[in-house]
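Treat the numbers as computed from the prediction; the structure is a model and nothing was measured. Every chain is numbered from 1 and lettered A, B, ... according to where its sequence line falls, protein lines coming before strand lines. Every heavy atom of this structure was used, including side-chain atoms; hydrogens, water molecules and symmetry mates were not.
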Amino acid sequence: MNNEELLNIVTDSAKFDGAYNIRINGKLFDRKVNDNVNIVSKPNNSGIDIYIKDNTTSQTIGIPVILTSGDITEKVLNDFHIGKDCDVTIIAGCGIDNCSSCTSQHDGIHTFYVGENSKVKYIERHYGHGEGSGQRVMNPETVLHLQKNSKMEMITTQIEGVDSTVRKTTADLMDGANLVVTEKVLTSNSQTATSIFDVDLNGKNSKAKLTSRVVAKDNSHQDFYSNVKGNNDCYAHVECDAIIVGNAKVGSTPKIVANHPDASLVHEATIGKIAGEQLLKLLSLGLDEKEAEGVIIDGFLK
Amino acid sequence: MLQLVDICYSTKDKQILNNVNLTFKDEITVITGANGAGKSTLAKIIMGILKPTSGKILYNGQDITDFSITERAKMGIAFAFQQPVKFKGLRVMDMLRLASKDKKVALNSYLAQVGLCAKDYLMRELSGELSGGELKRIEIASVLARNCNVTIFDEPEAGIDLWSFSNLVDTFKHFEDQTKGALILISHQEKMIELADTIIVMAGGNVEKVGSRTEILPTLSIKSCNGCGGKR
Ligand SMILES: Nc1ncnc2c1ncn2[C@@H]1O[C@H](COP(=O)(O)OP(=O)(O)OP(=O)(O)O)[C@@H](O)[C@H]1O
Ligand SMILES: [Mg+2]
């Protein structure tokens, strides 16, 4: 798989009409900035600072990372400083194509400072590929600081090929801030994935909706932890849906804490095999069992 | 033509169908009878969802008793569930596309037949976000889309509002002109029963009566209860 193919998978072939920063094998490969968005490297190749001016709207900003050789272990800090009244889409993601026998590892810490009234859509895709026995490891950490009335929608997808991942998402929300997180994970073979959410609803009328839809196949193992604290008049909904195929294991450990009498927090979790009724319905349309299972899982993760 | 020969079905502690012998021709057959009579069980046995304890199913003369659901579906048997199944992530469009063999037919037409506006529904998820009646109508549309030789609808009227109900009756009325197959309706509704060429009445796991509409309809007690619909 060449760099371009991998890049297209990670970015879902999105076109970056705004600024971008592409990192390949631990080095800056290409960067473009504009009047509204500036990207500055941190010292010692340790990451970048992205500055987005007040009132920046309708821009898609890309910051993909790819690793195509084994034996790279990197830790990168990317800080997004987003002004007031912005409306932007940020596409990040990491692709590892490791054909070697050494481990490739990318750990990224993305911190977002989202200014008042700003709207951010953040899309992050993770993908691993390669025949080699070397492990493909990704540990993304996202830290979100949502100012008054800001809105952040975060969509993360990890489809196939990542041997081990620990994803950590931490957020604090001011008055009227709104956070929507949708996470999709598919693990197979003996892969492991852990997702940890830590959300503090500090502001009045702040809202958070966390949805995790995961499929664990074969002997893989997934764990979901959430710790949501309602510290004000706020609302949170946490939902974890998991489908188990084969001998996979899935754990869901929710914690919701109301530290304020007007906090309203909901948690739902469903873990189980594909519902028999769903299979029967698709079989009765003429699909065979494999096809039916594929349709259900693909739909679930779409 | 579909034939059931001496079909019995029982669970560990209960006999649910007793020696059912029936022939379904290329016409409209309505199966009616009290709750728990075994109508849905019979439909599931035809689709292959349940395996009969004994007896045979013949489809155009071929013994299909041991055929899987998928095989039967591919041979041209379709079944609309009494209780529609929900799917997280699957859209109405996806379901109709899976169901429709003829890839050229616009999916919109199937939704129109059940009184749903395609532009409002095609992209919706088949999850709890749709109302019970909407899910039911989409279930019916998915089976209409299959365009099969034997089509079974299990209480298609359940949960459907009055206006859509009369549309549905029309759909079934015209169904025959289009498909020229066997249409089997399981129903408690007078308007549906009136569509029948043949009526089957089931009771306690037995076929109580079989006959033409003109023979059986007067014997059903529906009309005796003036207006209140004794069987509704
Ligand atoms: N899995 C099962 N185990 C035990 N009993 C069952 C099972 N499935 C169905 N039955 C019983 O078999 C009988 C027939 O059920 P069936 O669903 O076929 O009835 P029906 O005629 O479709 O009724 P309705 O009009 O309420 O839909 C009922 O008494 C029901 O309780
Ligand atoms: Mg029934």
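Every residue two or more places apart in sequence or in another chain was checked for a side-chain hydrogen bond (donor to acceptor under 3.5 Å, both in side chains) with B/Asp26, and none qualifies. B/Phe81 is linked by a ring pair (Phe, Tyr, Trp, His ring centres under 6.0 Å) to B/Phe79, counting only residues two or more places apart in sequence or in another chain.
Across B/Lys74, B/Lys88, B/Glu71, the residue that shares the most heavy-atom pairs under 4.5 angstrom with chain A is B/Lys88.
Interface remark: B/Glu125 contributes side-chain atoms only to the contact with chain A (heavy atom separation under 4.5 Å). Only the side chain of A/Lys302 comes within contact range of chain B, judged by heavy atoms closer than 4.5 Å. Neither the backbone nor the side chain of A/Asp298 comes within less than 4.5 Å of any heavy atom in chain B. Contacts of B/Arg91 with chain A are made by side-chain atoms alone, with heavy-atom separations under 4.5 Å and no backbone atom involved.
Counting non-hydrogen atoms of other residues, nucleotides and ligands closer than 6.0 Å to NZ of A/Lys290 gives a total of 12 or fewer. In the displayed structure, B/Gln15 atom CD is contacted under 6.0 Å by more than 12 heavy atoms of other residues, nucleotides or ligands.
Of all the heavy atoms in B/Ala73 and A/Ser284, the pair that sits closest is CB-O, 3.5 Å. The shortest heavy-atom contact between B/Thr70 and A/Leu287 is OG1-O, 2.9 Å.
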Next item on the list: Start with the C-alpha distance between B/Ser142 and A/Lys281, add both sets of side-chain angles, then the distance that settles side chain to side chain contact (heavy atoms under 4.5 Å, CB included), and finish with yes or no.
Entry: CA-CA 10 Å; B/Ser142 78; A/Lys281 172 65 194 170; 3.0 Å; yes
Next item on the list: For the pair A/Leu285 and B/Met95, evaluate side chain to side chain contact (heavy atoms under 4.5 Å, CB included) and give the outcome as yes or no after the intermediate values.
Entry: CA-CA 9 Å; A/Leu285 298 179; B/Met95 176 61 78; 3.6 Å; yes
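Of residues 182-190 of chain A, no residue lies under 4.5 Å from chain B by any heavy-atom pair. Using a 4.5 Å heavy-atom cut-off against chain B, the contacting residues of residues 269-277 of chain A are A/Glu277.
The main-chain N or O of A/Gly286 is never found under 3.5 Å from a side-chain atom of B/Arg146 such that the two would form a donor-acceptor pair.
Rounded to the nearest 0.5 Å, atoms CD1 (B/Ile69) and CG (A/Leu282) are 10.5 Å apart.
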